[in-house]
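Working notes, structure below.
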Amino acid sequence: MTTLDIADDRVVRAPSTATGRRATTYRTLLITLQAAIAIALLATWEIGASTGAVNTFLFSSPSRVGQVLVERWQSGDLLLDVGTTALEVALGFVIGAVGGSAIGLLLWYSKFVADLSAPFIAAIGSIPVLAIAPMTIIWFGTGLESKIVIVAFSCVVVSLTTSYRGARMADQDLLNLVRSFGGNRGTAFRRVVVPASMTWVVQALKLNVGFAIVGAIVGEYISSNAGIGHMILLGSSNFSVNIVLAGLALVMVMVLAFTLIVSGIERILLRWEK
Amino acid sequence: MSVLDITRVSKRYTQDGPEVLKDISFRAEKNEFVTIVGPSGCGKSTLFNIVAGLLPPTQGEVRLDGEVVTGTTTPHIGYVLQKDLLFPWLTVLDNVGLGLEIQGMRRRDARERARSIFAAYNLEGYEDKYPSALSGGMRQRAALMRTLVTDPDVILMDEAYKALDYPLKIQLESELLQTVRERGKTVVFVTHDIEEAVTLSDRVYVLKARPGEVVAEIPIALTTDTTRIDQRRLAPEFNDYYEAIWTSIGRAPIAA
Ligand SMILES: Nc1ncnc2c1ncn2[C@@H]1O[C@H](COP(=O)(O)OP(=O)(O)O)[C@@H](O)[C@H]1O
Ligand SMILES: [Mg+2]
């Protein structure tokens, strides 16, 4: 087909490289300063501890915490604790967050079922993890299973309700379009509802990283024989702030690691959303 | 026999609500370009949705190739709205092939068929981009390609080019007219724009508002063969047709 020369609207929208470069410089500056602040704080703490200005029995010191980590790494305890908690979080997260998202999306099929179950889902969502944890220990024992259940429980409602809300908000015009091509509800679900809800699903996944780790630690506090929560509990019952703080450091690293994994998943699921 | 035959269609959205459409009848012959023109709020989009099979009429029926399609299955009608309805999570290529895929074509074949028409619509090189990287005109082109590639019997368009700036609108309408003439398509075009109605159509139905009612049926015959809208605008009969439509709309108060 020949086109007229009346108007040419073939505009490519590439980000200007100048803006891109400025953004990168800004990020580098930010990260450098953040690292500097962290190091300064740790150094002040360490110096305070070595000069006696900081009471190391109550507040420990970076080198003491580091020493605990090295010792526990050598004894194999570190790997056991981190591995146990990571496994609980990962499995519970998959069951609770991914399963919850799937159920939330599937509820799109029946507004009736969704409305019917809404108060029950809200009721489940209102139970604090801390309150349900002892029960799961009774039902599932003190091992891995009970922690996985607690983690799944901590994630499921947020994922379910968020993804259902996303599914409900799918553009009716897009659904009509699928119908006009002869697609049925299943096609509409697959081609419109699921991809359109991904922004919401991912948002809930990100929130749930925190909830999942809290769930695992709480479960381990109640009863466990391994895990970071177990390690922290052990430290505090021995009045060893060194061990407690080492545990906290591990929790931070674990949150960071799981957040990075979810960010990677986000980049794959939402690669169209730049 | 007309390709599309709408008989005495009426619509109320609620039982005791106002009559949005009253006794609307119109037809479109094979390869005919029919425009429904009327003021905003006169029920054009309502009528559009009824013809597309997305909304049941309160009364009346829609026949496609002689078969009643009202309230049964979705008729094989392609449609293009002012909103381009491109899926933001699909590449332009997959968007264009979407209809084919939903109709059951294998993804590879749908992509191949979709790819084959990019050059003709001046979108070559944009196959693997996401819609967000396209300008408004390009998006509207892609939406039309997605419809045309499935080869529907009838194409419905609801104010498809309303949001585009004037030169671009003229450009895309020229392309549209050329395509539907080359490929022999029946088009029902809905608009509030009288100029658009005169330059594009073989026949125009004029609607008035509250209730939406057909007040005039005006066959258009411009003494020009070109598909360039800017040229068609200069045909000697243009002003008379424009005037005729304007007057028939004027019979009823124009809704704000
Ligand atoms: N879903 C709906 N429910 C109730 N009233 C509606 C609905 N859609 C449109 N209407 C009413 O029908 C009338 C015609 O609307 P519409 O078909 O959108 O007109 P147009 O496309 O010509 O501007 C308007 O008064 C509008 O308020
Ligand atoms: Mg409208």
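Chain identifiers are assigned alphabetically (A, B, ...) following the order of the sequence lines, protein sequences preceding nucleic acid strands; residue numbering begins at 1 within each chain. No hydrogens, no waters, no symmetry mates; every other heavy atom, side chains included, goes into these values.
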Quiz item: Can you tell me how far OG1 of A:Thr259 sits from CE of A:Met254, rounded to the nearest 0.5 angstrom?
Solution: 11.5 Å
Quiz item: Which residues in residues 188-216 of chain A have any heavy atom lying under 4.5 Å from a heavy atom of chain B?
Solution: A:Arg191, A:Val192, A:Pro195, A:Ala196
Quiz item: So B:Val188 and B:Phe48, side-chain contact (heavy atoms from CB on, under 4.5 Å) or not? Walk me through it.
Solution: CA-CA 9 Å; B:Val188 175; B:Phe48 176 97; over 6 Å; no
Quiz item: With a 4.5 angstrom heavy-atom cut-off, which part of B:Leu100 approaches chain A: side chain, backbone, both or neither?
Solution: neither
Exercise. For residues A:Phe93 and A:Phe258, establish whether the separation of their ring centroids is below 6.0 Å.
Key: no
Quiz prompt | Electrostatic pair B:Arg139:B:Asp84 at N-O distance under 4.0 angstrom | solution = yes
Practice problem: Please step through side chain to side chain donor-acceptor pair (under 3.5 Å) for the pair B:Ser45 and B:Asp158, ending with a clear verdict. | Solution: CA-CA 7 Å; B:Ser45 296; B:Asp158 187 355; 2.7 Å; yes
Quiz item: For the residue pair B:Phe189 and B:Phe33, does the interplanar ring angle fall in the parallel (under 30°), tilted (30 to 60°) or perpendicular (over 60°) class?
Solution: tilted
Self-check item: Region of A:Asn184 in contact with chain B, defined by heavy-atom distances below 4.5 Å
Solution: neither
Practice problem: Could you list all the salt bridge (charged side-chain N to carboxylate O under 4.0 Å, His left out) pairs where at least one residue sits in residues 105-116 of chain A, not counting sequence neighbours? | Solution: A:Lys111-A:Asp115
